[in-house]
Structure formats: C-alpha cells, structure tokens
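If you read the sequence from its start, that first residue is 1, and numbering goes on from there.
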Amino acid sequence: MNALATVVPTPPAASGSAAAAAKGALVAADLARDFPILSRPVRGRRLVYLDNGATTQKPEAVIEAERRFYRESNANIHRGVHWLSQHATDLYEQARERVRRLLNAASADEIVFTRGTTEAINLVAYSWGRANLKAGDEVVLTGMEHHSNIVPWQLVCEQTGAVLKVVPITDRGELRLDAYESLLGPRTRLVSVVHVSNALGTVNPVARMVELAHAAGAKVLVDGAQAVAHQPVDVQALGCDFYALSGHKLYGPTGIGALYGRRELLAAMPPWQGGGDMIRTVSFEGSTWADAPQRFEAGTPNIAGAVALGAAIDYVMAIGLDRIAEHEHRLLAHATEAAQRIPGLRLIGTAAEKAGILSFVVDGIHPHDLGTILDAEGVAIRAGHHCAMPVMTRFGIPGTARASFALYNDEADVAALVAAIGKAQQMFGGARR
C-alpha cells in the first residue's frame, strides 16, 4: 500500500462532494459542507466568508491529513534511518510530487517547499538575484504587484545597483502591454509579474509576457498566489522560469508554499539560507551543498503542512480546477452585475479577464467602516490597501472593500453582500448619486 494512503484520506471519499462536483456543474452549497468552519455562526448570523483572497478555509480532508500525520507518522525527515523517519520522508516527497502535478512541472526536483509565496519570491531575489544582477541591470515589475513582489526586489537592487522598471496599468486595471514591450531591452535581466492581481482580480497574459521577456534574454518569475486555487496552471505551457504559490490560498495550511524553478536555474543558484539538510559536507575549512531542491530547504521543514497541502491539492484536483474556474467566473459575473446596480458603488478593476475578486468603493463610506458594518451582518470581506499600495495610489484612493470568491461561495452569498452594503448605506444617510 502507498504510504500516503495510511495518512491522507482521499478527499472525494470523505463526503462525496468533490466527486459529485467533478461529474457536472459545481454546486457550492454541497461543497461548503466539506468545510467545518462554514457551519459556525458569526455574530448570531450565517457566516458569509468572502475573504478568500487573504486565505481560504480548509476542508475536512486537509484538517484530517495534518491531524493524522502528527498522530501516526510524525518524525524528522531525510536524515533518519529508522522506519518512522523514512515513512515521514516518503509522505513529504509525495507531497512534493503533488505540487509538481498541480503545476505540471517536468520534475519534482523543480519544486522547492517554502513558507509561502513571500518566501519563494525572496528566495529567488536573494539567491538568483544577488548572483546574477549587477549595476545597471534592470528588473521589470508591474504596477499591480503585491508588496511581496516589490520589496524584495527593491532590497536586492539596492545591494546590486540594479534598477527597477514598472509597467503601468490602465483605468480598467489592465497592464499596458505596449509599455511593457518598450521597457524590455538588453539590460533587462528579470521580469517578475503577478498572475492574478489580489487587489483588482486582473488575470495577466503571462504566457505572452514570458515570450516577450525571453526574446529579450530575461528570466521570468510569476507570483501565482491568487491563481492556483482558481484555474489550471501549467508552468511548461506558460514557459516561465519561476512560479511561486502559497498553500493557505489553496485550501491548505498556513506556513507552507512552494517555488517552481527550472532545473538548470536551480542547479546554478547558491544557497540563501544555511543549516541542516541543505549541505553535502561541512568542515571549518568550507562546506559543499546538496542538490536542488534540498539546497534551498535548510532546517526542519513544515512536514505536516506539506502533507496537508498535498491533501488540498488532491481535493481541488478531484473537483477539477477547470470546473472551479467556470463556477467562480459565473459567480463573479453575477456579483459584478449586482454591484453595478448599487447606487454610489464604484468598481475598482474592470479588466476583461478577471478571476474571483470584486474590489469597490462606496460613496461616503470608508472601506474600513464598510467592512465593520458588513461584519456585523456576518459578511466577512477585506478592507484596506491589500498589500498593494501602488495600486491604490494609481486609482487615487486610500483602499477598497474587497469581496473574493472561492469554490464554496454562491449567489446567496452575493445577495447577503448586497444586502449588507445597502444597510451600510442606510446607516450613512443613503447612497450619494
């Protein structure tokens, strides 16, 4: 028997919901039963959880996978000769294979476990960036990046003398591809771009951007934090050099994520953290390094988190990421239409290609006040700058209210959101036309 079968319950068998969803149109209310937290009331009301861009809730299969690891399989990995250590190592490496399958990477050796997207981007910045960037080189970002895909590059550019270039965005929240192409040149070394904007929902044309960057001789890193739970991702088809993701936005635990890197790039990159398990030999005269991916996984990793992330991947792939994308697209279209009927509400981010994010402002109500009032109605949204302050500066606003959708949301959740916004407007004296 496969070792993982003794630890991670197959997600479809847990309730039948995922298997049923895979056979036809996704029924969010059925899948919601797989998520224990969604059945708890909040402030005496039904919880309407629309903060999935910040983190998704966890299905029972994921919770059980982590619990069972600690009950039945807990041991440190890679270095032990006893059975339990070898068993835990098998589970950890099987989880790596699940991430490979999710991204369609060519090899599991191209998958590095990290704490999440932020650490994955920092890994590339400090390992690849410091080894390859020099004074006058250029790193191209976009105007819709999360702070996690801005600050690491600012720090590395300060250290190396490289220069940041920024692709502007339109009033609809789309990248100006003409400006992007004009920024690429002989000094461009790296393009780092978000796949799906967490603040606007814009789905960027990453494959085309990779093609243009490679033609200019540059490498490409893609921030996939907001993409992998909402659509199929194929890193080989995209052609990107690096791809970063977070487990907690993919129905998995916090504190676990992954970086995909092309094998030849990882093999040439120096370590960025030192410690156990990333070495081949150590002496006071010098040390040598393990091959990738272990070279980039210093110390004891989040083993249980990786196993539970594997269970989360099994869960969404049993449903079908194409079906999840279709469901969320329909729901976003419905929510957009409903929002546009609310007097005094303005959408921020109206790109032709969007995924699961509805950001907006309401006349006369600060986003934080709106979030507080909606919370009193049991509706959980995010309010603020969403770690994307340059986006807010571009639109001339301090922040937005953001409703973000997941596979367990449906039209009833949208109706609750609309009703709660209406109550907030009544409290603030009615909508301003």
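- Here the shortest heavy-atom pairing between Phe69 and Ala304 reads CD2-CB, 3.5 Å.
- Closest heavy-atom contact between Val418 and Ala338: CG2-CB, 4.0 Å.
- Across Val220 and Ala213, no two heavy atoms sit closer than the pair CG2-CB, 3.4 Å.
- Residue Arg187 comes nearest to Gly136 through the heavy atom pair NH2-C, 3.3 Å, listed as atom of the first residue, atom of the second, then distance.
- Inter-residue side-chain proximity for Leu309 and Val62 is flagged as unmet; no heavy-atom pair is nearer than 4.5 Å.
- Here the OG1 atom belonging to Thr336 is positioned 9.0 Å from the CG atom belonging to Leu331, to the nearest 0.5 angstrom.
- Counting only heavy atoms from C-beta outward, the side chains of Glu110 and Pro293 never approach each other to under 4.5 Å.
- A salt bridge is absent between Arg100 and Asp109: the closest approach of a Lys/Arg side-chain nitrogen to an acidic carboxylate oxygen does not fall below 4.0 angstrom.
- Between Arg46 and Asp413 there is a salt bridge, since at least one side-chain N of the basic residue sits less than 4.0 Å from a carboxylate O of the acidic one.
- Distance alone, capped at 3.5 Å, is enough to place a donor-acceptor pair between the Asp410 side chain and the Ala412 backbone.
- With hydrogens and angles ignored, the 3.5 Å screen pairs a side-chain donor or acceptor of Gln226 with a backbone N or O of Gly53.
- Below 30°, between 30° and 60°, or above 60°: for Tyr408 and Tyr251 the angle between ring planes is above 60°, a perpendicular geometry.
- Separating the CD1 atom in Ile357 from the CD1 atom in Ile348 is a distance of 14.0 Å, to the nearest 0.5 Å.
- A distance of 5.0 Å separates CG in Leu417 from CZ in Phe360, rounded to the nearest 0.5 Å.
- Atom CZ of Arg79 has more than 12 neighbouring heavy atoms from other residues, nucleotides or ligands inside a 6.0 Å radius.
- Between Asp314 and Arg101, at least one side-chain nitrogen of the basic residue sits less than 4.0 Å from a carboxylate oxygen of the acidic one, meeting the salt-bridge criterion.
- Under 3.5 Å, the side chains of His248 and Thr55 contain a donor-acceptor pair of N or O atoms.
- Using a cut-off of 4.0 Å between Lys/Arg side-chain N and Asp/Glu carboxylate O, Asp34 and Lys58 are scored as not salt-bridged.
- Atom NE2 of His329 has 12 or fewer heavy atoms from other residues, nucleotides or ligands within 6.0 Å.
- Proximity of Phe35 to Tyr49: side-chain heavy atoms (C-beta onward) are nowhere separated by under 4.5 Å.
- At least one donor-acceptor pair closer than 3.5 Å links the side chain of Ser85 to the backbone N or O of Gly80.
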Give the C-alpha distance, both sets of side-chain angles, the deciding distance and a yes or no for side chain to side chain donor-acceptor pair (under 3.5 Å) between Ser404 and Asn52. CA-CA 5 Å; Ser404 48; Asn52 298 287; 4.9 Å; no
Check step by step if side chain to side chain donor-acceptor pair (under 3.5 Å) holds for Arg263 and Ser107. CA-CA 8 Å; Arg263 182 196 292 258; Ser107 168; 3.1 Å; yes
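- Rounding to the nearest 0.5 Å places NE2 of His195 at 12.0 Å from OG1 of Thr202.
- Residues Phe405 and Val414 meet the side-chain proximity criterion, which asks for heavy atoms closer than 4.5 Å.
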Could you give me the CA-CA distance, side-chain angles and deciding distance for Tyr92 and Phe113, then say whether ring pair (Phe, Tyr, Trp, His ring centres under 6.0 Å) is met? CA-CA 10 Å; Tyr92 185 74; Phe113 281 120; 5.0 Å; yes
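- One side chain, His230 or Glu328, offers a donor N or O that lies under 3.5 Å from an acceptor on the other.
- By the 4.0 Å N-to-carboxylate-O rule, Glu93 lies close enough to Arg96 to be salt-bridged with it.
- Side-chain atoms of Asp241 and His214 include a donor-acceptor pair closer than 3.5 Å.
- Looking at heavy atoms from C-beta onward, Leu38 lies out of side-chain contact with Arg33 at the 4.5 angstrom threshold.
- Side-chain polar atoms of Gln86 and Thr89 form no donor-acceptor pair below 3.5 angstrom.
- Considering only heavy atoms from C-beta on, Val191 stays 4.5 Å or farther from Val167 through its side chain.
- Leu103 has its side chain within reach of Val228: a pair of non-hydrogen atoms, C-beta onward, lies under 4.5 Å apart.
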For side chain to side chain donor-acceptor pair (under 3.5 Å), just list the numbers for Thr400 and His386, CA-CA rounded to whole Å, side-chain angles, deciding distance to a tenth of an Å, and then say yes or no. CA-CA 8 Å; Thr400 68; His386 316 301; 2.7 Å; yes
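- For the atom pair NZ (Lys219) and OG (Ser192), the distance works out to 14.0 Å, reported to the nearest 0.5 Å.
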Show your working on side-chain contact (heavy atoms from CB on, under 4.5 Å) between Thr117 and Asp223 and close with a plain yes or no. CA-CA 7 Å; Thr117 302; Asp223 170 359; 3.4 Å; yes
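- Taking CG of Asp51 as the start and CG of Leu374 as the end, the distance is 11.5 Å to the nearest 0.5 Å.
- Between the Glu353 side chain and the Asn204 main chain, no donor and acceptor come within less than 3.5 Å of each other.
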